[in-house]
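Notes to accompany the following structure.
Fair warning: this is a prediction, and the values are worked out from it, not measured in the lab. Any value given below was found using the heavy atoms of this structure, including those in side chains, with hydrogens, waters and symmetry copies removed. Counting convention: from 1, in listed order, for ligands and their atoms alike.
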Amino acid sequence: MKFNIKITKAQNSQLGQVDFDDIPFGRVFSDHMFVADYKDGEWQSPRIVPFGRFEMHPAAMVLHYGQAIFEGMKASKSHDGTPFFLRPEMHAKRLNNSARRMCMPEVPEALFLEALHTLVDLDSDWIPPQEGSALYIRPYMFATDEFIGVKPSATYRFIIFTGPVGPYYPKPVSLIADRQFARAAVQGGTGEAKVAGNYAASLLPAKLANEKGYDQVMWLDSREFKYIQEVGTMNIFFVIDGTVVTPKLDGGILPGITRDTILKLLPEHGYKVEERPIAIDELVDAYKAGKLQEVFGSGTAAVVAHVSKVAYDGFEMELPPVEERKVGPFIKAQIDGMRSGKIEDKHGWIVPVQGQAVNA
Ligand code: COI
């Protein structure tokens, strides 16, 4: 142990109250959380404490100027009961990319990983054994200076908490693209960082999409409203005439870790994959020509979410039933299979939870 994380255990575990066969996403929280505070230029007092509320000053800068970033990751148990993460260092790196964009301090990767391993080891009984379920992990950081005025905060809090989750989208999702709102600016904005404000800005368009009968927004680029970026809270993939296509990262798109996993796995299984700009008009043309075969989203929470239909300009593109699809179900089974330990991990992505032994 390099960081000497102080552990205060919860007196009473809440675990007995959880029905692992019926877990609502995002509403159940495990017994402990990791907390560290940034002050005088360094991360201080790394600790694990019972999960619970904490006080905030009304002038805490995050509440006014929105310096807040987060990650979403998961821990699972393989069929022999070993708890593990998938590509945890990628999340540490992405958190720090987000931190740099928001003028926040980085969390040393070793601290991030030690906190993660120690916390999840302590609450490993909270990892649901059911396939398709996992322990969702939420690392996040926010500004805590008590100050009115726009400048970077000098103090921050970094927290990791966890909670068991079932599927984020239990059924295929419907999407609508329009030209009224963008998720984030394509150049120079915050789209490629995982910042809280991006999600806040997505709420009104998502509500309007819901009112029109669609589950999620399919975002177009902010410059021309022409190129597809991502959907709701996921990256997006299309199967067009046998080729799997996903929008190329352009500064406005979140570099999804599940997206990256899919891009590496599919070619290894003989699929042709392209990362390139995809205009919404190209999608409509492909659909009209009978060449749009599948659409699916990818994300940590969603893993792989099949898309039932996409609407644009009053035109609806209905996609085939999931049973008739090939790529989406295949890649979902690959990722779920790796998670349950049934499919071999040839990339070193699976990292067993090491508890306090990490960095020892
Ligand atoms: C994730 O996919 O983990 C996210 O952070 C998205 C969130 C809406 C659950």
(message) Just checking Phe70 against Tyr199, ring centres under 6.0 Å apart?
(response) yes

(request) List every atom of ligand 1 that sits less than 4.0 Å from any heavy atom of Lys194, numbering the atoms from 1 in the order shown and giving each element. (result) 4 (C), 5 (O)

(request) For the pair Phe25 and Tyr168, name the ring-plane relationship: parallel under 30°, tilted 30 to 60°, perpendicular over 60°. (result) perpendicular

(request) Give the contacting part of Phe70 toward ligand 1: side chain, backbone, both or neither, where contact means a heavy-atom distance below 4.0 Å. (result) side chain

(request) Pull out every atom of ligand 1 sitting under 4.0 Å from any heavy atom of Gly72, numbered as shown with elements. (result) 3 (O)

(message) Within ligand 1, which atoms have a heavy atom of Ala301 less than 4.0 Å away?
(response) 1 (C), 2 (O), 3 (O), 9 (C)

(request) Examine distances only and state if a side-chain atom of Arg101 and a backbone atom of Gly189 form a donor-acceptor pair shorter than 3.5 Å. (result) yes

(request) May I ask you to list the atoms of ligand 1 that are less than 4.0 angstrom from any heavy atom of Tyr136? (result) 1 (C), 3 (O), 4 (C), 5 (O), 9 (C)

(request) Could you tell me if any non-hydrogen atom of Met73 lies under 4.0 Å from any atom of ligand 1? (result) no

(message) Using a 4.0 Å cut-off to any heavy atom of Arg138, which atoms of ligand 1 qualify?
(response) 5 (O)

(message) Taking the six-membered ring of Phe330 as reference, does the cationic atom of Lys332 (NZ for Lys, CZ for Arg) lie under 6.0 Å from its centre and within 45° of its axis?
(response) no

(request) Answer yes or no on whether Lys291 is positioned over the face of Phe238, meaning its NZ or CZ is under 6.0 Å from the six-membered ring centre and within 45° of the axis. (result) no

(message) Please verify the inter-ring angle class for Phe142 with Phe54; under 30° counts as parallel, over 60° as perpendicular, anything in between as tilted.
(response) parallel

